[in-house]
Amino acid sequence: QVQLVESGGGLVQAGGSLRLSCAASTRIFSILAIYWYRQVPGKQRELVAYISSGGTTTYADSVKGRSTISRDNAKNTVYLQMNSLKPEDTAVYYCAIPSRGSWGQGTQVTVSS
């Protein structure tokens, strides 16, 4: 079991930026792929981005070009930098390792127009 804790969410105006963080408690952080998901109540959970152990990144079309996922293995932390935020980015954002059943508690992102 891996413990994951998200932070960095908040209320921002459209066009603004946020940097989400996910801190992991595990000795094998450096070999794990880390995923960011988001969910709006009543809607399907959506994969936003993920980063492999080697640093390869993948993004959903909805955030490609506006977001950057990165990792700092020395700090056991992954980041999701989100720029040019839109109201449709409003959701609870979760850090996860789905194959291990590890999910954080989520951090709320609200983008006002």
Side-chain angles (χ1 to χ4, degrees):
Q1 182 176 324
V2 179
Q3 294 174 302
L4 301 169
V5 180
E6 303 95 335
S7 62
L11 173 63
V12 298
Q13 291 274 85
S17 298
L18 286 173
R19 188 183 72 164
L20 309 183
S21 299
C22 176
S25 298
T26 175
R27 291 186 175 91
I28 60 169
F29 177 80
S30 64
I31 68 169
L32 297 172
I34 309 297
Y35 296 69
W36 281 100
Y37 287 82
R38 65 187 181 188
Q39 188 166 31
V40 177
K43 300 197 71 176
Q44 197 82 30
R45 186 168 57 210
E46 176 188 15
L47 178 62
V48 178
Y50 65 91
I51 185 166
S52 74
S53 61
T56 301
T57 59
T58 303
Y59 301 92
D61 288 342
S62 57
V63 304
K64 192 174 298 181
R66 301 186 294 120
S67 299
T68 302
I69 187 170
S70 61
R71 67 192 299 156
D72 185 341
N73 288 342
K75 296 182 178 179
N76 273 24
T77 301
V78 298
Y79 304 96
L80 183 66
Q81 176 71 42
M82 304 184 68
N83 303 319
S84 301
L85 284 161
K86 306 173 181 179
E88 51 261 46
D89 294 318
T90 295
V92 178
Y93 285 71
Y94 297 92
C95 181
I97 311 170
S99 64
R100 292 177 174 259
S102 297
W103 294 79
Q105 296 184 63
T107 185
Q108 176 72 48
V109 171
T110 302
V111 184
S112 62
S113 58

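Just so it is clear, the structure is predicted and the values come from calculations on it, not from any experiment.
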Item to check | Any donor-acceptor N/O pair, R71 side chain to S52 backbone, under 3.5 Å | outcome: yes
Checklist entry - How long is the gap from CD1 on I69 to OG1 on T58, to the nearest 0.5 Å? => result 9.0 Å
Checklist entry - Just how far is it from atom SG of C95 to atom CD of Q105, taken to the nearest 0.5 Å? => result 12.5 Å
Checklist entry - About how many Å separate OG of S21 and CG of D72, when rounded to the nearest 0.5 Å? => result 10.5 Å
Checklist entry - Just wondering, are more than 12 heavy atoms of other shown residues or ligands nearer than 6.0 Å to OH in Y79? => result yes
Checklist entry - Any donor-acceptor pair under 3.5 Å linking the side chain of N76 with the backbone of T26? => result yes
Item to check | Reported CG-to-OG distance for the pair L4 and S102, which is rounded to 0.5 angstrom | outcome: 5.5 Å
Checklist entry - Got a sec, which residues hit side-chain contact (heavy atoms from CB on, under 4.5 Å) with Y37, two or more places apart in sequence or on another chain? => result Y35, R45, L47, A96, P98, W103
Checklist entry - Going by heavy atoms in the side chains, are Q3 and V5 under 4.5 Å from each other? => result no
Next on the checklist: Using every non-hydrogen atom in the two residues, find where Y59 and S67 come nearest and quote the distance to one decimal.
Outcome noted: CE2-O, 3.4 Å
Checklist entry - Between T107, L80, V78, which is the residue that forms a side-chain contact (heavy atoms from CB on, under 4.5 Å) with E6? => result T107
Item to check | Y50 side chain reached by T56 side chain, heavy atoms, under 4.5 Å | outcome: no
Next on the checklist: Hydrophobic clustering (ILVMFWY, side-chain heavy atoms < 4.5 Å, transitive) - are V92 and V63 grouped together?
Outcome noted: no
Next on the checklist: Looking at every heavy atom in both P87 and S113, which two are closest together, and how far apart are they?
Outcome noted: CG-CB, 3.9 Å
Checklist entry - Looking at C22 and W36, what are the two nearest heavy atoms and their distance? => result CB-CZ2, 3.7 Å
Checklist entry - Is L32 reachable from I51 through a run of I, L, V, M, F, W or Y residues, each pair having side-chain heavy atoms under 4.5 Å apart? => result yes
Next on the checklist: Using every non-hydrogen atom in the two residues, find where S17 and N83 come nearest and quote the distance to one decimal.
Outcome noted: OG-OD1, 2.9 Å
Checklist entry - Do you know the tightest heavy-atom contact between L20 and G9? => result CD2-N, 3.7 Å
Checklist entry - Distance from Q108 atom CD to L11 atom CG, nearest 0.5 Å? => result 9.5 Å
Next on the checklist: I'd like to check the salt bridge (Lys or Arg N to Asp or Glu O under 4.0 Å) partners of R66; sequence neighbours left out, ordered by chain and number.
Outcome noted: D89
Checklist entry - In Å and rounded to the nearest 0.5 Å, what is the CD1 to CZ distance from I34 to F29? => result 5.0 Å
Next on the checklist: Tell me every residue that passes side-chain contact (heavy atoms from CB on, under 4.5 Å) with S62, counting only those two or more places apart in sequence or in another chain.
Outcome noted: R38, E46, A60
Checklist outcome for this item: Between N73 and S30, the two heavy atoms sitting closest are ND2-CB, 3.8 Å
